Amino acid sequence: MRAIVSRLIRVGGVAVLFALLVRVSRLATAARAQGAPLPPIAGPLAAISVIVLFAALVAEKTRGPEANLQKDVLWGISLGGLGAACAILF
């Protein structure tokens, strides 16, 4: 049970950090653009996140417990990317 909670905390931390980095990047781009429309990134970000999600699913099924950190990073990046794409769209 403790290992599951630890993994959930790591995945959540990576997801939140990735989503925040996307947000900061968008704000920096908006500041440099000085009112010009920002390029749409929600679609490509969601597509890449789905690809990473599939990689996380495959790693979860094929890798052992020694790769938990790598699997957690994959899960976090995919969930954070999907969350950031949804935040941009809605």
Side-chain angles (χ1 to χ4, degrees):
M1 182 68 171
R2 184 175 172 169
I4 293 172
V5 172
S6 175
R7 286 194 70 191
L8 287 175
I9 290 172
R10 277 195 307 248
V11 169
V14 171
V16 168
L17 179 64
F18 189 73
L20 285 174
L21 288 174
V22 169
R23 177 72 178 146
V24 168
S25 172
R26 294 284 291 173
L27 291 174
T29 303
R32 279 194 311 264
Q34 298 177 355
L38 294 176
I41 66 160
L45 182 60
I48 291 172
S49 297
V50 168
I51 292 170
V52 175
L53 179 66
F54 287 136
L57 287 169
V58 169
E60 199 67 48
K61 295 294 182 186
T62 60
R63 308 279 314 263
E66 72 281 353
N68 278 348
L69 181 61
Q70 178 191 9
K71 293 185 286 188
D72 294 346
V73 170
L74 287 171
W75 283 113
I77 289 174
S78 65
L79 295 176
L82 289 172
C86 288
I88 291 169
L89 287 176
F90 306 107

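Side chains are part of it too, since the values below use all heavy atoms of this structure and drop only hydrogens, waters and symmetry mates. In this text, all values refer to a predicted model and were calculated from it rather than measured experimentally.
Counting heavy atoms from C-beta outward, Trp75 and Val52 have side chains that stay 4.5 Å or more apart. No side-chain heavy atom of Ser6 sits less than 4.5 Å from a side-chain heavy atom of Ile9.
In the hydrophobic clustering, Val24 connects to no other residue, as no ILVMFWY side-chain heavy atoms lie under 4.5 Å from its own.
To the nearest 0.5 angstrom, Asp72 atom CG is 11.0 Å from Ile77 atom CD1. Here the CZ atom belonging to Arg7 is positioned 15.5 Å from the CZ atom belonging to Arg2, to the nearest 0.5 angstrom.
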Problem set entry | CA sep, side-chain torsions, deciding dist, call: Leu27, Arg23, side chain to side chain contact (heavy atoms under 4.5 Å, CB included) | CA-CA 6 Å; Leu27 291 174; Arg23 177 72 178 146; 3.8 Å; yes

Exercise. Does the pair Ile41 and Ile88 meet the rule for a side chain to side chain contact (heavy atoms under 4.5 Å, CB included), with working shown?
Worked result: CA-CA 8 Å; Ile41 66 160; Ile88 291 169; 3.8 Å; yes

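Take Ala59 and apply the side chain to side chain contact (heavy atoms under 4.5 Å, CB included) test, not counting sequence neighbours, and it matches Arg63, Lys71, Leu74. The side chain to side chain contact (heavy atoms under 4.5 Å, CB included) test applied to Val50 returns Phe54, Leu82, not counting sequence neighbours.
Shown here for Ser78 and Ser49, the closest heavy-atom pair between the two residues is CB-O, 3.4 Å. Shown here for Ala42 and Ala85, the closest heavy-atom pair between the two residues is O-CB, 3.6 Å.
Criterion: ILVMFWY side-chain heavy atoms under 4.5 Å apart, direct or through other members. Under it, Leu79 and Ile48 are not part of a common hydrophobic cluster.
The main-chain N or O of Leu21 is never found under 3.5 Å from a side-chain atom of Ser25 such that the two would form a donor-acceptor pair.
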